[in-house]
Amino acid sequence: MLPIFIVFEGVDGSGKSTQLHLLHKYLTDKKIATYTTREPGGTPVGEKIRELLLDPAFSEMQERTEALLYVAARAQLVAQVIRPRLEQGDVVLCDRYIDSTVAYQGYGRGMNVDFLVNINKLGTGGLQPQLTILLDISPEEGLARSRQERPADRLEKESLAFYQRVRQGYLDLTKKNRSDYLVLDARLPLEELHRIICDTVGGMVGV
Ligand code: TYD
């Protein structure tokens, strides 16, 4: 089996983390070696960077600083975890990847997308997922879900308009390279989403 790297994307509260963990369980039950990680974070260095990024106290953080910190955490994760795991034959599932930077920093904050794509290439050596699963939901519904669960982090203090741009960013990305994406309506029942995801990924890993 070729190395398989699968990314979950979506606005906050889209339910992607839940679906990712259900997929992890499905694959491991089928005896497929699977490693799950998340961004920003996933390594000790990355988790420290995550604390900086999500701390609501740092309202002065500049957008370039923010973008470079996301890429720094990603560079560490790719080198320390994702590449070695893929090389040993694991299926790697990651909660967010480069598309999050394009959607949030590019579309959300209005940063130059080519600049963001370039720093990501430098940071990751060009590693791309075989499949990105986008759980699409309106920010109104997504944020309402995530705010029920815990207090807002620094990013979640952004306006609704910011999240609408983020959503549009994701949808634009999927249009450019349709075959690399599975776009799902995140309002579908949890079991139905899980079944569709298992069908698609099952076909890729041969279960
Ligand atoms: P997290 O608590 O992991 O959110 P979620 O559970 O929704 O994934 O926080 C990650 C936050 O960082 C989230 O608001 C999205 C944002 N983010 C970016 O702005 N750019 C990025 O490149 C990444 C990876 C995340």
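One-based numbering, in listed order, for ligands and for the atoms of each.
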Exercise. Quick one: which of Thr28, Val201, Leu193 gives a side chain to side chain contact (heavy atoms under 4.5 Å, CB included) with Leu23?
Worked result: Val201
Problem set entry | Test salt bridge (charged side-chain N to carboxylate O under 4.0 Å, His left out) applied to Asp172 and Lys176, step by step | CA-CA 7 Å; Asp172 284 358; Lys176 280 186 196 139; over 6 Å; no
Exercise. Run the ring pair (Phe, Tyr, Trp, His ring centres under 6.0 Å) check on Tyr70 and Tyr104 step by step: do they pass?
Worked result: CA-CA 11 Å; Tyr70 278 116; Tyr104 281 77; 7.9 Å; no
For this session: Provide, to 0.1 Å, the distance between atom 7 (O) of ligand 1 and the closest protein heavy atom, together with that atom's residue and name.
Result: Arg96 NH2, 3.0 Å
Exercise. Looking only at protein heavy atoms, which one is nearest to atom 10 (C) of ligand 1, and how far off is it?
Worked result: Pro40 CD, 3.9 Å
Seminar exercise, completed: Heavy atoms of Asp99 and Tyr170 approach each other most closely as O-CE2, 3.9 Å
Problem set entry | Sub-4.0 Å heavy-atom contact, Arg50 with ligand 1 | yes
For this session: Provide, to 0.1 Å, the distance between atom 20 (N) of ligand 1 and the closest protein heavy atom, together with that atom's residue and name.
Result: Gln105 OE1, 2.8 Å
Seminar exercise, completed: With heavy atoms and a 4.0 Å threshold, my read on which part of Leu54 contacts ligand 1 is side chain
Problem set entry | Glu66 contact mode with ligand 1 (heavy-atom cut-off under 4.0 Å) | neither
For this session: Mark up the atoms of ligand 1 that fall under 4.0 Å of a heavy atom belonging to Arg74, in ascending order.
Result: 22 (O), 24 (C)
Seminar exercise, completed: Nearest heavy atom to atom 17 (N) of ligand 1, choosing from Tyr163, Tyr70, Tyr97, belongs to Tyr70
Exercise. Within the distance-only criterion (no hydrogens, no angle test), does the side chain of Glu9 pair as donor or acceptor with the backbone N or O of Tyr97 below 3.5 angstrom?
Worked result: yes
Problem set entry | Candidate with minimal heavy-atom separation from atom 14 (O) of ligand 1, of Val11, Asp12, Thr101 | Asp12
Problem set entry | Single-linkage hydrophobic cluster, 4.5 Å side-chain cutoff, Val207 and Leu131 together | yes
Problem set entry | Sub-4.0 Å heavy-atom approach of Lys16 to ligand 1 | yes
Problem set entry | Shared hydrophobic cluster for Val113 and Phe162 (ILVMFWY, side-chain gaps under 4.5 Å) | yes
